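Order of the sequence lines sets the chain letters (A, B, ...), proteins ahead of strands, with each chain counted from 1. Just so it is clear, the values below take in all heavy atoms, side chains as well, and ignore hydrogens, waters and symmetry mates. These numbers come from a predicted model, not from an experiment.
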There are 2 protein chains.
Amino acid sequence: MSAQPNADEESQAQPLLDPSLHRSLSNVTSQVAIVGSNVCPIESLDYEIYENDFFKQDWRSRGKVQIFQYIFVKWLLCFLIGLIVSLIGFCNNLAVENLAGVKFVITSNMMLVKRYGMAFLVFFSSNFVLTLFASIITAFIAPAAAGSGIPEVKAYLNGVDAPGIFTLKTLLVKIVGSITAVSSSLLIGKAGPMVHTGACVAALLGQGGSRKYGLTWRWLRYFKNDRDRRDFVTCGSAAGIAASFRAPVGGVLFSLEEMASWWRSALLWRCFFTTAVVAIMLRALIDVCLSGKCGLFGTGGLIMFDVTSQNTTYHIKDVPPVLVLGVIGGLLGSLYNFLLEKVLRIYSYIYGKKPIYKIILACSISVFTSCLLFGLPWLASCQPCPIDASEACPTIGRSGNYKKFQCPPGHYNDLASLIFNTNDDAIKNLFSKDTDSEFQYSSILIFFATCFFLSIFSYGIVAPAGLFVPVIVTGASYGRFVGMLVGSHSNLNHGLFAVLGAASLLGGSMRMTVSLCVIILELTNNLLLLPLIMVVLLVSKTVADAFNGNVYDIIMKLKGFPYLEAHAEPYMRQLTVEDVVTGPLQLFNVIEKVENIVHVLRTTGHHGFPVIDERSHSESPVLFGLVLRAHLIVLLRKKAFLTTAVRADSDAFRHFSAMDFTKRGSGNGDKIEDIELTEEEMEMFIDLHPFCNSSPYTVVETMSLAKALILFREVGLRHLLVIPKISNRSPVVGILTRHDFMPEHILGVHPLLVRSRWKRIRFQLPRFLKLF
Amino acid sequence: MSAQPNADEESQAQPLLDPSLHRSLSNVTSQVAIVGSNVCPIESLDYEIYENDFFKQDWRSRGKVQIFQYIFVKWLLCFLIGLIVSLIGFCNNLAVENLAGVKFVITSNMMLVKRYGMAFLVFFSSNFVLTLFASIITAFIAPAAAGSGIPEVKAYLNGVDAPGIFTLKTLLVKIVGSITAVSSSLLIGKAGPMVHTGACVAALLGQGGSRKYGLTWRWLRYFKNDRDRRDFVTCGSAAGIAASFRAPVGGVLFSLEEMASWWRSALLWRCFFTTAVVAIMLRALIDVCLSGKCGLFGTGGLIMFDVTSQNTTYHIKDVPPVLVLGVIGGLLGSLYNFLLEKVLRIYSYIYGKKPIYKIILACSISVFTSCLLFGLPWLASCQPCPIDASEACPTIGRSGNYKKFQCPPGHYNDLASLIFNTNDDAIKNLFSKDTDSEFQYSSILIFFATCFFLSIFSYGIVAPAGLFVPVIVTGASYGRFVGMLVGSHSNLNHGLFAVLGAASLLGGSMRMTVSLCVIILELTNNLLLLPLIMVVLLVSKTVADAFNGNVYDIIMKLKGFPYLEAHAEPYMRQLTVEDVVTGPLQLFNVIEKVENIVHVLRTTGHHGFPVIDERSHSESPVLFGLVLRAHLIVLLRKKAFLTTAVRADSDAFRHFSAMDFTKRGSGNGDKIEDIELTEEEMEMFIDLHPFCNSSPYTVVETMSLAKALILFREVGLRHLLVIPKISNRSPVVGILTRHDFMPEHILGVHPLLVRSRWKRIRFQLPRFLKLF
């Protein structure tokens, strides 16, 4: 294709950008986000290798012992993460099964003697109390523990530091809250909270517990940086999925595909190690349960929903219904995401009014859920027990395929078997084989509609709540429905249709591929189904992608996290770096007056400042490097001042230890407001030479934004300095941060790009060409 | 830890680097590598976004239709890759099973009538002819098809362009050679060649076939760049593993963990799509075979070595033998890699002498193999058939657990059941259940030793040869042996021990984690074994990593590919960029004389040249950008010259189409030697303004090498410009390429670092500090 002859004229006639205008605008994108259920200011994380003399010296001073210690402790911590997360996951399951189990056993026993009112009261009040407890501890002790936590952890792994997500308080509330909320029969999952729990355990271990509680060790200082913490959190989230689904490989892939923004094979290996520990621990704990010591938890095996024994011969004629399932999954999945976003918006509006509304809402959802779960089964007619049933019919206790509910002896209530049950048991029932005639069309449809809407309304409550299990149960129900419609036209039994249905809704809502595939395989242990699961995931993801995004990305965006995408938007290729850099730029001299530093730190919120050197042999000022706010605060706190503006000798940093410069957990760093200086001190100087990052990454101002984004994102930067094309001006023209790459900011500075967001635009010639 | 006071003095007394010395040295690392069995010059690939006016104009001129076309064609090509690779994989299996099957059937029939000599002759000569054929076509038609091809493809995906690996000739020889070589009973695999085949199919489709044969389409020009080609090749190698092991998820993970150097989630999704196509195609083709139309291929199912039905209750007491297996796997795996490297070194020395030796060596290996396979079973004593055997005993035909060989009726030869069989059938026998008493200790040991050494000697022959299957069969044999030793002390049967043994040797030799885990699961369909497989892989990889590297990395290094690791070596943190940059630097002016360009292109091998502008408004020269050799050659070929050294008007590039600047397949680009210019033309000028990459990535000379490597590797660069700290010198002080980051080069320039390669060194202060 040849260049269009009038492209230039067009762009000349219609300038989209006025370079003189936008340079004075400052970045107005939000620097706050909703963490859990609280609005907090957020920061970026520091992944760049910070090369200053002090750190170089420190690094060189590390001997073999320290390096060995570092490697050994890092693996040991991964082992501990796996161990602790698997124990938490196991106890979580045990507690939920026993709490919910006791509730169902008592209720069922009462119903057996026809004390229906009393049964409802017990069911209702236990659910209410559990929900109330979960929402109170979440709202008042650790608001950051609300929701699944996956969006927060995903944002963290992208370089966004949300305060409070990795504290001991959050961890405890997340665990206890998740157990009570799930036990209260709300339609919420425990996988998401487990991911957050795993990440939290990892982060806490990495920083050696909490400094507040004196739980920190000197030899953990090597891990007190954002790079190592990122590795631990990635391993922790993998362990979380591994523990909640007993799916170690699925866990690794989940944290690779969905959570992590940066990945390297060393990290894969570390994650694999962590989830292997989880797998082995779970296998050992199952041995404990096999001896019958786990109460109502029973003797659960390694595979949660085993469908191995089901027939899996299928032929070409089975493919069309599977394709239909995929399409339905895609449509429903995108609808699910759409509705969830709307509901979360309404909730966050309500929460903004009065904090007590959070509790009220959670309780109303619980009341509503209890009424539905207890009331709906009365709509279903009692079915006579099949003669050739493979298990007891009707069952009276906690689980089982055929629930008696209100039915006469020898009959069962099919809707109660699904709805008046824990979610795990409902999934087992839906996936079960040889039960093709168990459910009526109406029951499955009622169950599907209940799950679909209840899960959307339940997710946003102020309690730890996941999305995986609700989506699986909803998907399984319409999968089973499709299976019933297809009936004998297919070789696949209805249980396998339910598996494929669950896969399709997962694909349509979460949009993962390999990790979902492996998680479903590990949940069901049926590899022969693999080609069909792949087809379903392909179709549902493709269909759903046409409408909206991944559910976690939607929630993350809604919460306001500045997530940095790996790919550049098309309009970013039309803009140069210069077009988005906002001023004014705060510079320091390499030997700077204390007063100036304090003033700048107090009046701006910036976290990195370019340092220039005007007194070098060059006639024009030279870019010396970049200094971080956190390091300046350390210098001010330690009062490492000079009386005159001359360069200090090279051992000026003897007074500092590397411990002073370690990165603390989010929100724990010192504030400039806490530092008090006398007037005399204010007149003194600081020599920044040894503390500056003397080789920051730079880009030339004429580089396209897309190309700068690649550098920024791939290397994982927090600050990117922009240098001029022609060097006799100031040695640095601006500084790019995460917020400068956000579409909201760019489109705010260049509003004319909005309408051309999805189409190519004719654009003016790059500015530097006009200089010549 | 505080800084050590005498660190500086030490480094002063013993300067490791003399800055004045090394700047004149040029990079002496090898720019050639062994591709297949041939020594070829290699180049780097261009992944950087090349921002010049011409490309910007071209990019802007692409309308919605072109973008849609690009997306649609890219998915279509992935679909075609999956389709073609699955067909090739299926035909490959079919051909091997039938070729080898006929051979074994004829031999067995002759042995049944005691014509042992004749049987040997048939076996021997058919193997000989097949090997001879495979080695002749490989050596004389496409030497790049020799070996597994995985190291070549892995290097390609790291950015190293090895000529000839992706041609139609190579593809055909790879397919035919692999079929004949595997059929000839050599102990080699077909998975590696399938990966190369898949990658080759992908690369050929991406460039629209071969320009030489007129098989190229204009609308494929958007894919004629190294970034898109990299995506296709990644998908192709995933499809290769998926087709050879019927393991679609394993294929995706293999190409993620082992092959790809750059990964993004969009690519995961694309790979998943490709392997899903493979999985579905294979499932459909299996339906064809179920109706008995595949000859001796039989009715092979979707799972190659199904062990689902085996008991998998195991407890804590089963763990110690599994750990032992892991340790043995690690030791044997590293020994395997060590010996393989030595043998390959000897082979490459032999090949260097005379090309005909390649054929002779292949034939000798074939003769040796035939003698061993036919001769060794005579050492084993005949066993009476078990009464409760689950299948026919003895079997006479091609496969089966109990081979008759020379035994009297009612007896079987256990060694022949393993050794006188195809590799796939040997693996099936080793993995089989209810056969715990089938094999004698001596037979298993003989089989193990034979496989171990034969596979090491066979890999290096000049024919397509993989490593996966030999490693699996070797590992399975000692796994079974350990199982027999443990005997009734374990709940696991011997077949499962064989699976774990195969996992341990794979882990010890290939050092993958998640992908091996999934591949083994997909091969054996037994998820309950997962925790044990994870343990085995963890232990064997850990043990083996203590000795040497991954087998593919060893081979790649041996072949001389400049593979760029993701992590920096410790000594790279001690060096600055300035310390490794080598001169002399070739610069061009932004309006340069044709003669100078031709002279530089003819006398150097560089592929990128900095362009400076001395006539701008600045008093000192300005770095304008970077121009590529390939683009200069296009300009010279098109004779886009100016008579005077003034800037051309902006429509100078109307004479060019984007097609001119597309990146051709390796080795197909024009050469400077092919361009003939008159003396008049030599005196003219070229305006490089519109053709320069005006925003190349730059680093400051004082940046540490480790930090520059991160940028270079993460962003995937070919050239990285080094700019001075103080700007009144030349605007560019050097250019870094892949070769400058190679340990051989760095340690060559700084020989004193060699002994400190593994320990921390005390190093002089960064040079720029001395300037002040």
*Asks:* So for A/Val514, is it side chain, backbone, both, or neither that comes closer than 4.5 Å to the heavy atoms of chain B?
*Replies:* both

*Asks:* For residues B/Val249 and A/Cys517, report the shortest heavy-atom separation together with the two atoms involved.
*Replies:* CG2-SG, 3.9 Å

*Asks:* So do the side chains of B/Thr698 and A/Val699 get within less than 4.5 Å of each other, counting heavy atoms only?
*Replies:* no

*Asks:* Excluding sequence neighbours, so at least two apart, what forms side chain to side chain contact (heavy atoms under 4.5 Å, CB included) with A/Ser265?
*Replies:* none

*Asks:* Would you say A/Met534 and B/Thr275 make side-chain contact, with heavy atoms under 4.5 Å?
*Replies:* yes

*Asks:* In terms of heavy-atom pairs under 4.5 Å with chain B, which of A/Ala266, A/Ala566, A/Ser704, A/Pro696 leads?
*Replies:*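 Option with the top pair count is A/Ser704.
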
*Asks:* Please classify the contact between A/Leu256 and chain B as side chain, backbone, both or neither, with a heavy-atom cut-off of under 4.5 Å.
*Replies:* side chain

*Asks:* Could you pull out the closest heavy-atom pair between A/Ala276 and B/Leu538, with the gap in Å?
*Replies:*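 Shortest heavy-atom separation between A/Ala276 and B/Leu538 comes out as CB-CD1, 3.5 Å.
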
*Asks:* Is B/Lys707 reaching over with its side chain to a backbone N or O of A/Glu51, donor-acceptor style, under 3.5 angstrom?
*Replies:* no

*Asks:* Would you say the side chain of A/Asn525 lies within less than 4.5 Å of the side chain of B/Asn526, judging by non-hydrogen atoms?
*Replies:*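 Result no, sub-4.5 Å side-chain heavy-atom pair not found.
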
*Asks:* Determine yes or no for a side-chain-to-main-chain donor-acceptor pair under 3.5 angstrom, with A/Lys725 supplying the side chain and B/Phe624 the backbone.
*Replies:* yes

*Asks:* Examine whether an atom of B/Leu623 lies under 4.5 Å from a heavy atom of chain A, and if so say whether it belongs to the side chain, the backbone or both; otherwise answer neither.
*Replies:*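 It is the backbone, since no side chain atom gets that close.
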
*Asks:* If we only count heavy atoms from C-beta on, is the A/Val319 to B/Ile280 side-chain gap below 4.5 Å?
*Replies:*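 Side chain of A/Val319 against side chain of B/Ile280, heavy atoms only: no contact under 4.5 Å found.
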
*Asks:* What's the spacing between B/Asn693 CG and A/Met703 CE if we round to 0.5 Å?
*Replies:* 8.0 Å

*Asks:* Quick check: do B/Tyr47 and A/Ile710 have side-chain heavy atoms less than 4.5 Å from each other?
*Replies:* no

*Asks:* In terms of heavy-atom pairs under 4.5 Å with chain B, which of A/Val252, A/Val535, A/Leu253 leads?
*Replies:*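 Ranked by heavy-atom pairs under 4.5 Å with chain B, first place is A/Leu253.
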
*Asks:* For residues A/Leu527 and B/Leu521, report the shortest heavy-atom separation together with the two atoms involved.
*Replies:* CD1-O, 3.1 Å

*Asks:* Of the backbone (N, CA, C, O) and the side chain (C-beta and beyond), which part of B/Leu532 lies under 4.5 Å from a heavy atom of chain A, both, or neither?
*Replies:* neither

*Asks:* Side chains of B/Phe272 and A/Leu537: closer than 4.5 Å at any heavy-atom pair?
*Replies:* yes

*Asks:* Does some side-chain heavy atom of B/Arg511 sit less than 4.5 Å from a side-chain heavy atom of A/Trp269?
*Replies:* no

*Asks:* Please round to the nearest 0.5 Å and tell me the distance separating atom CG of A/Leu268 and atom CD of B/Glu257.
*Replies:* 4.5 Å

*Asks:* Can you confirm whether A/Val700 sits close enough to B/Tyr697 that some side-chain heavy atom of one is under 4.5 Å from a side-chain heavy atom of the other?
*Replies:* no

*Asks:* Flag the one option from B/Met512, B/Glu714, B/Arg573 with the top tally of heavy-atom pairs under 4.5 Å to chain A.
*Replies:*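 Of B/Met512, B/Glu714, B/Arg573, B/Arg573 has the most heavy-atom pairs under 4.5 Å with chain A.
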
*Asks:* If you count heavy-atom pairs under 4.5 Å between each of A/His567, A/Arg264, A/Glu48 and chain B, which one has the most?
*Replies:* A/Glu48

